[in-house]
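The block underneath contains the structure these notes are about, expressed in structure tokens.
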Amino acid sequence: MRSFTAAEQDEWLWGWDSTPGIVSVWADMSGRALIWRRLIATGELVREETRFRLWALLPSLELLSHLGDGLVHAAPGEEPHGAIAYHHLEGPGRFAYFVSADDGRALESALLAGASARLGRKISRLGELEDEAALYLQPEEQYLVTSGRTYFRDLPFDALRRLQFDLETTGLNPERDAIFLVSVKDSSGLETTLDVAEKGLTGPAAEADLIRRLCALICERDPDVIENHNLHGFDLPFLVTRARIHGVRLTLGRVPHLTVKERAAGRGYRAWGDESDAEPDGERPRAVRYAIPGRELIDTLDAVRRYDFAVRDLPGHGLKAVARHFGLAPADREYVQGDQIYATWTRDPDRVRHYALDDVREVAGLARMLGGAAFALAQMAPRRYERLADAGPATGVLDPLLVRAYLRAGEALPAHAKGDGVEHTGAALYLFAAGVARRIVKADVSSLYPSLMRQYRISPRSDRLGALLALVDRLVEARLAAKARAKTLPPGSSERYTDEALSGAMKILVNSAYGYLGAVGLTRFADVDAANEVTARGRDLLALMCRELAARGVTLLEADTDGVYFAVPTGWDEERERATVAEVAALLPPLVKLEFEGRYAAMLSHQPKNYALLTYDDKLLLRGVAFRSSRSEPYGEAFLRRAVACLLRDDIPGVRAVYVETLDRLRARLIPTEQVAITARLTKTPTIYEASRAQRREMAYEALLAAGRTKWSRGERVRVYRATGGAAALLEDNGEGAPADPRNYDVAYYVRLLRETFAARLERAFTPDDFATLFADPQQPSLFAPPVEAIQPTLTPLLDPRDLV
DNA sequence: TTGTCGCGGGG
DNA sequence: GTGTACGCGACAA
């Protein structure tokens with residue numbers, strides 16, 4: 001294997017051109033690149049126009065042989081003007097020829113002519129070439145890869161000029177509904193709203209004028225970045241559609257004669273399909289996103305999804321829920337329900353203005369809080385900022401980094417790895433014991449898989465340069481440095497924010513290196529065997545940790561992938577717990593760091609990945625579908641929470657009391673109807689349900705029909721419950737926004753549900769006899785039942801750690 | 001019950 | 001010319 005200096009490997013991660021402050025790049029096939037830069041010292045915006053050579057990688061020169069003398073050899077870096085040039089790349093990789101031209105259209109037509117001749121039919125787009133016939137990127141990415149430039153060098157996040165806008169519309173369908181207000185905020189102090197009523201115009205003319213004023217305002221404020229929540233899924237497609245309907249040109253960018261451009265995307269906006277009754281035949285339309293020259297379009301929904309993917313603690317992904325979760329919502333935040341916004345506007349326009357401004361303020365806060373990672377990625381990878389903000393880390397970031405690294409090293413790139421049928425094996429999951437245990441410790445290995453890749457030098461077979469591991473090594477080191485630097489800087493400062501963002505971005509990349517290996521068909525250097533070696537090492541390591549912990553006298557409860565829960569003997573203090581974890585950690589390979597993650601007073605282990613924990617400050621944590629499901633009836637969830645809390649506090653009579661009390665309240669109908677109802681989302685129209693009703697009756701629709709409702713729309717949410725006699729019933733509103741409360745629910749049914757569905761989640765904590773006693777019906781007393789006070793929860797061993805191979 | 005597909009968001 | 005994962009709910013078999 002060739003060896004590379006640290007400086008060369010740094011170039012793989014960061015590129016090599018030090019041009020600072022690039023905030024946007026727009027390039028086309030003609031070989032023109034427009035680059036907007038902010039001068040670090042003054043914040044002034046400058047625009048540069050430059051020429052670059054478009055390029056592609058080919059397996060051979062066959063497609064260009066028809067050029068004869070028109071195809072010239074040129075050493076790397078040489079740029080023979082007017083000619084199509086090539087040079088050979090080293091190594092066994094498929095893409096061994098680098099070809100380039102001043103004008104990408106000339107290169108493209110030469111390739112198309114060659115392909116047409118070879119295949120004997122007209123080929124008119126590069127996309128029609130067979131797989132792996134050529135490797136080519138978007139013009140902007142070609143420019144960034146060969147120039148070694150990246151976005152945002154030396155630029156703090158807060159130096160970006162950012163603007164947020166939010167449309168308020170009469171509904172969700174852009175073909176039918178209209179924009180009536182837009183709120184706008186930017187990072188230089190603007191906060192304003194535009195609306196249809198301002199200019200004395202009405203009807204279509206007023207909306208068209210509103211769109212023109214929005215374009216003018218955005219161009220005047222001239223932001224580098226435009227942000228909103230669901231920007232690509234709602235605001236942009238809505239704006240584009242309304243502008244088209246009114247014949248208004250959307251001049252939002254920094255090149256006057258260029259308007260909004262569509263690009264294909266996996267997620268984004270799909271025309272039609274929301275509420276149309278008859279599904280159109282054939283393919284669903286492709287999702288599209290939009291691009292604007294000179295500005296980066298950032299959707300905070302992408303940042304929220306990326307955050308929640310790692311942390312998994314958000315109540316939902318909507319703007320309001322996320323803003324509240326992060327404490328970004330002001331105390332006097334105005335809320336208006338989505339379908340009430342237009343009606344509110346007609347009565348109380350100021351309230352809607354306030355609401356819409358709160359929206360853009362929250363978006364600005366959210367974009368800063370979560371947008372740092374993509375900003376930092378854009379300082380490394382050769383792609384536009386907006387692409388890095390919505391890309392997956394493996395295909396969207398690591399793959400482009402590797403392509404740039406190989407070209408920089410003059411090395412041929414391999415074809416996309418294809419699956420060879422080898423199954424991808426997963427992580428280990430063990431349930432050692434079920435029931436109740438006390439004095440719980442959680443220990444885990446952070447970043448287990450990348451640590452194993454580094455420890456055992458596991459890399460893709462086709463990665464001749466060892467570039468993936470080199471990137472992971474450098475990322476791990478650079479991340480430690482960035483974290484350490486951040487700690488020395490003032491909290492909340494721009495500098496600290498920038499280092500924290502860098503550390504976050506690096507963590508994302510490091511943790512995606514393993515996913516990269518397993519993404520067969522998606523990533524260029526995927527290698528299932530290497531991925532399987534990582535998981536196999538991971539399983540061995542988890543088994544080793546478990547055996548060594550057990551050998552030190554603790555009781556193992558559950559282990560999953562990279563972490564383990566166990567109970568320690570009576571009398572151990574935290575110091576002894578930590579010392580035990582440290583002892584086992586010392587037995588592991590040096591790059592694998594086992595850490596003490598937390599300690600808890602008690603745990604109910606129910607099923608794999610389903611458990612309850614009681615913290616030492618008496619907080620109850622429920623994990624897994626058995627304990628928290630949006631489908632559960634609220635009275636049952638409430639019972640379960642209270643009963644589990646009693647159980648973990650060792651208050652068995654309390655468990656019994658909660659059960660008896662819930663039964664009594666059900667029988668006396670003291671529990672509000674809303675507590676026994678579940679929310680259902682309607683997916684069938686009345687016509688469709690009518691057609692299937694004979695075969696199968698569904699509770700939600702039966703409830704609607706029983707309530708005399710024959711019309712409803714798809715997507716509507718209704719609350720339903722089982723009324724006396726077992727009939728499905730609809731829980732309607734009481735007219736004041738709260739649910740009605742007829743209390744005519746089927747008591748016998750909900751009594752049975754309490755025992756068979758909810759109490760059953762505590763079954764593994766007791767012997768069968770004790771469980772029967774504890775959840776016996778007080779209306780059917782048994783003569784032989786032992787006293788509840790005598791019952792002790794149990795812990796049932798299921799798997800001996802010594803049996804782990 | 002089990003397998004497959006689609007969604008999450010926006011007014 | 002794109003390409004996540006995860007957990008859940010709806011539907012069909």
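These numbers come from a predicted model, not from an experiment.
Comparing dG11(B), dG10(B), dT2(C) by their closest approach to the side chain of T169(A) singles out dG11(B). Side chain of D339(A), nearest nucleotide from dG10(B), dG11(B), dC11(C): dG11(B). For T395(A), the side-chain atoms get nearest to dG3(C) when compared with the rest of dG3(C), dG9(B), dG11(B). The side chain of R125(A) lies closest to dG1(C) when the candidates are dG9(B), dG11(B), dG1(C).
Between the C1' atom of dC8(C) and the CG atom of D308(A) lies a distance of 14 Å, rounded to the nearest Å. At whole-Å resolution of the value, CZ in R305(A) and C1' in dG10(B) are 11 Å apart. Between D358(A) atom CG and dG11(B) atom P the separation is 13 Å, expressed in whole Å. Between H317(A) atom NE2 and dG8(B) atom P there is a gap of 12 Å when expressed in whole angstrom units. Straight-line distance from the CG atom of L236(A) to the P atom of dG10(B): 15 Å, rounded to whole Å. Atom P of nucleotide dG10(B) and atom CZ of F165(A) are separated by 15 Å, given to the nearest angstrom. Residue I678(A) contributes atom CD1, which lies 10 Å from atom P of dG9(C) at whole-angstrom precision. In this structure, CD of E130(A) is placed 17 Å from P of dG1(C), rounded to the nearest angstrom.
Residue contacts for D166(A): at a heavy-atom cut-off of 4.0 Å it reaches the sugar-phosphate backbone alone, with no base atom in range. Looking at heavy-atom distances under 4.0 Å, D359(A) makes contact with sugar-phosphate atoms alone, never a base. Among the heavy atoms of the strands, none lies under 4.0 Å from L126(A). Note on G338(A): a base of the nucleic acid sits closer than 4.0 angstrom, heavy atoms only. Contacts of L319(A) with the nucleic acid, taken as non-hydrogen atoms under 4.0 Å apart, involve only primed sugar atoms and P, OP1 or OP2. Within the 4.0 angstrom heavy-atom criterion, base atoms lie near L522(A). If you check every strand for non-hydrogen atoms under 4.0 Å, Q138(A) touches sugar and phosphate atoms only. The residue G318(A) sits close only to the backbone: its heavy atoms come under 4.0 Å of sugar-phosphate atoms, none of a base.
Looking at R351(A) and E334(A), a side-chain N of the basic residue comes within less than 4.0 Å of a carboxylate O on the acidic one, giving a salt bridge.
In this structure, R333(A) forms a cation-pi arrangement with Y335(A), its terminal cationic atom sitting closer than 6.0 Å to the ring centre and no more than 45° off the ring axis.
For E108(A), the side chain to side chain contact (heavy atoms under 4.5 Å, CB included) test picks out M29(A), L112(A), L126(A), with sequence neighbours left out. Residues passing the side chain to side chain contact (heavy atoms under 4.5 Å, CB included) test with S512(A) are P393(A), L398(A), L509(A), sequence neighbours excluded.
dG9(B) sits 15 Å from dC8(C) when the P atoms are compared, rounded to a whole Å. For the C1' atoms, the distance linking dA5(C) with dG8(B) amounts to 12 Å, nearest Å.
Using a 4.0 Å cut-off, some side-chain N or O of R387(A) falls inside it from OP1 or OP2 of dG3(C). Side-chain nitrogen and oxygen atoms of K320(A) include at least one within less than 4.0 Å of the OP1 or OP2 phosphate oxygen of dG11(B).
At distances below 3.5 Å, at least one donor-acceptor pair connects side-chain atoms of R524(A) with backbone N or O atoms of P414(A).
For Y307(A) and F326(A), the ring centers sit closer than 6.0 Å to each other.
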